Amino acid sequence: MKLHEYQAKQVFADAGIPTPSSQLASDVDGAVAAAEEIGYPVAIKAQVQVGGRGKAGGIELVDDEENAREAADSILGMDLKGYHVDRVLVEEAVDFTDELYVGITMDRAEGTPVAMVSRKGGVNIEEVAEEDPDAIAREHIDPSFGMMPYQARKVVYDAGIDPELTRDVSGVLNTLYDLWSEKDGADAEINPLMVTSDDAVIAADAVMNVDEDALFRQPELAEMEEDAAGGDDLEAKADEYGFDYVRLSGNVGIIGNGAGLVMTTLDLVDYYGGEPANFLDVGGGAKAARIANALDMVFSDDNVDSVVFNIFGGITRGDEVAKGINEALEQFDEIPKPVVVRLAGTNWEEGMEILNEDLVTVEQTLEEAVQRAVSYADEVSEQ
Amino acid sequence: MSVLVDDDTRVVVQGITGGEGKFHAKQMMEYGTNVVAGAVPGKGGQEAAGVPVYDTVQQAVEAENADTSVIFVPPAFAGDAIFEALDTDLDLAVAITEGIPTQDMARVNKRLSETDTRLIGPNCPGLITPGEAKLGILPGNIFAEGNVGLVSRSGTLTYQVVDNLTSRGIGQTTAIGIGGDPIIGTSFIDALELFENDDETEAIAMCGEIGGEDEEQAAAYIDEHVDTPVAGFIAGRTAPPGKRMGHAGAIVSGSGTGTAESKISALNDAGVPVGDTPEEVADHIESFL
């Protein structure tokens, strides 16, 4: 779960990391009042979860009331790469002499946290990593002991940061690690960490991704989740039903069990010339009601022209799946979109007996089921 | 021959009094697995799924000579349960649980490096040696005895590929689901090494997916160390960057690492054919035998 900038900044500030003074506003008057209180110049920043906000016109630097009003008016309500902007962060503009990068993440290959520091802040760090990997200094941290102060100093020295700043930057890094560790961070980064003319450092941006599997023990962050979600209505509905769901741009709806098999079903739709509309994993052991909810989800996506249901039962039982499909479809006078079903594994024979074949098309193999769904979708979209 | 599990394996089930634990303990026994005990704190002295329950794994080892644990403990407590298995010096621990916080697994990973216990998973279906024993939740009836080793990051995709193999008469030595999380105990490389050293395994099917660099590292390992022919499959060719595709580990990062293309080309460069469909993986395997 990714926090909004304003949420992450609050979390960082509470931990003692210096951040510019700022206020959240949801209307133009509120934004102007915030700017007056903070004092010009201020930055007005759209609070949406997309990269490249600045280039897309979502961040403006203003130095008087008239410009603040104009900027807030244009940013609030704008559509930024598909996301509606309903809040802005009004923030003190920092007069800086240099931009650094500090971050903590999990190094998957090593199975260990890693701290990263670079002098090349203010730009996309993933590009730096690709083009100039030596510009990022790294230090692996033993999660059982946490980051030792010397490790924070070492990685700051290794990055070639001005020695005058060692104490401040390593202090921020130590705090960031503790925060990441306490809050179950997936990534925590400050880019840029600005250096001011009087050699202080201040977090001009804040990124915090929280491990979704750990939200059960992070109640304060879980509360922020509702605010952080935003965006797609269908994805919000999937959250409500508790499905792993990703919306895509095609017209073949996909429902299955198990992430690897659902991804494979998507890939096969593409392989046979169709375009997947979504990834929907009902998970292990889904009962009839859950199966019916999954169909409801996919039917409510207007882009969908046909649906392929691919279940390979391990814990999930074919008879439960068949019951759910029948229940979901029998409530319609006319089936909204053609549904192709393929059942295999635990209790598949029982499932096939239960399944009402007047309502669905049954195929024996994954490959046949996908091809059938793709051809149905083609027929619908040609009409 | 087989790897890691056979009919001599003595299993303790951690979490045997829970719904999943009890159901799958019974299923494992029905398949022929030698389940000798359960371990659940506070439930010592009871019986579940027909075997005695102990308060600690240590007691189960002392009383019943268990050498392997299968873990069905809810995610909030599973990291602790894995620690208990590692600290009891078992040969093997298999963690089925999905949704363990990654930082808990980082600490487990550290302890793992200090013990001799092998960990499989978490977030995995377990492993099976057809005709002998299974550890975990795999549906036994789709497997058959034979000469193909199978290793996979995904549960149901494993079943799919096994089905493609079994339905054309190709059986398996052992099938291992290594799990879909970012931090797991047994990697592709570990599993490949086991199969390479197993006399009966004549071909290996390896099912990967997007995210991380395990498949790329496995490809480099195959190139150097594996003579047994390997066929591959990679799920997630159509996954958009930045979206988690179900598994916590299945995500293409913004900078483009972890893509299917990168994995497929690494495998091809190592001489491993990668099927466009599960059926094609079975075709390649058949051609090796």
Side-chain angles (χ1 to χ4, degrees), chain A residues 51 106 108-113 124-127 129-130 142-144 180-181 184-186 211-214 216-217 244 246-250 256-264 266-271 275-276 279 281 283-285 310-316 344-346 365-367 370, chain B residues 20 24 75-76 98-107 109-112 125 137-139 141-142 152-160 163 180 182-184 207 209-214 217 233 235-240 243-250 253-256 260 276-279:
Chain A
M106 188 66 81
R108 283 178 65 158
E110 301 290 329
T112 298
N124 184 344
I125 201 69
E126 286 172 336
E127 278 169 25
E130 214 149 279
D142 184 331
S144 36
W180 177 89
S181 171
D184 276 297
D211 179 0
E212 290 178 27
D213 289 333
F216 70 87
R217 64 184 178 201
D244 277 323
V246 177
R247 193 175 187 184
L248 302 163
S249 56
N257 64 327
L261 187 59
V262 179
M263 274 192 273
T264 301
L266 261 63
D267 295 348
L268 288 185
V269 166
D270 177 69
Y271 179 74
E275 277 187 68
F279 169 102
D281 179 4
N310 178 39
I311 298 288
F312 206 118
I315 316 183
T316 309
T346 308
T365 69
L366 170 58
E367 287 83 358
V370 168
Chain B
E20 298 259 307
H24 288 290
E98 176 174 5
I100 303 177
T102 307
Q103 294 199 11
D104 292 1
M105 281 310 301
R107 285 184 280 271
N109 190 51
K110 170 71 180 171
R111 174 63 110 236
L112 196 55
I137 61 174
L138 311 102
N141 60 329
I142 61 170
S152 171
R153 264 168 78 181
S154 157
T156 47
L157 178 57
T158 308
Y159 311 160
Q160 175 65 47
D163 194 48
I183 301 178
I184 52 176
C207 303
E209 62 189 33
I210 51 160
E213 291 172 22
D214 287 10
Q217 287 163 2
F233 186 79
R237 295 173 191 227
T238 48
K243 295 280 188 183
R244 165 176 160 166
M245 304 300 274
H247 284 161
S253 81
S255 62
D276 284 330
T277 67
E279 192 66 30

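Only a predicted model underlies this, so the values are computations on that prediction, with no experimental measurement involved.
A:Asp184 touches chain B through backbone and side chain together, each having a heavy atom under 4.5 Å away. For chain B, no part of A:Ile125 is nearby; none of its heavy atoms comes within less than 4.5 Å. In this structure, chain A has a heavy atom under 4.5 Å from the backbone of B:Ile100, while its side chain stays farther away. For A:Glu110, the part lying under 4.5 angstrom from a heavy atom of chain B is the backbone only. A:Leu268 touches chain B through its side chain: at least one heavy atom from C-beta onward sits under 4.5 Å away, while N, CA, C and O do not. For B:Ile183, the part lying near chain A is the side chain, with the backbone staying farther off; criterion is any non-hydrogen pair under 4.5 Å. When heavy atoms are compared at a cutoff of 4.5 Å, A:Thr346 approaches chain B solely by way of its side chain, counted from C-beta outward. At a 4.5 Å heavy-atom cutoff, the contact between B:Ile142 and chain A is made by side-chain atoms alone. The parts of A:Asp213 that come within reach of chain B are both its backbone and its side chain, each placing non-hydrogen atoms under 4.5 angstrom from that chain.
No side-chain donor from either of A:Asn257 and B:Thr156 sits under 3.5 Å from a side-chain acceptor of the other.
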(Q) Could you walk me through whether B:Arg237 and A:Asp270 satisfy the salt bridge (Lys or Arg N to Asp or Glu O under 4.0 Å) test, starting with their C-alpha distance in whole Å, then the side-chain angles of each, then the deciding distance to 0.1 Å, before giving a yes or no? (A) CA-CA 9 Å; B:Arg237 295 173 191 227; A:Asp270 177 69; over 6 Å; no

**Q.** Step-by-step side-chain contact (heavy atoms from CB on, under 4.5 Å) determination, B:Gln160 to A:Leu366
**A.** CA-CA 9 Å; B:Gln160 175 65 47; A:Leu366 170 58; 3.8 Å; yes

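For chain A, the option among B:Gly155, B:Pro139, B:Gly236 with the highest count of heavy-atom pairs below 4.5 Å is B:Gly236.
In this structure, A:Met263 and B:Ser154 have side chains that are not in contact, with every pair of non-hydrogen atoms separated by 4.5 Å or more. A 4.5 Å side-chain heavy-atom check between B:Glu213 and A:Arg108 finds every atom pair outside the cut-off.
B:Ser152 meets the side-chain hydrogen bond (donor to acceptor under 3.5 Å, both in side chains) test with B:Thr158; sequence neighbours excluded.
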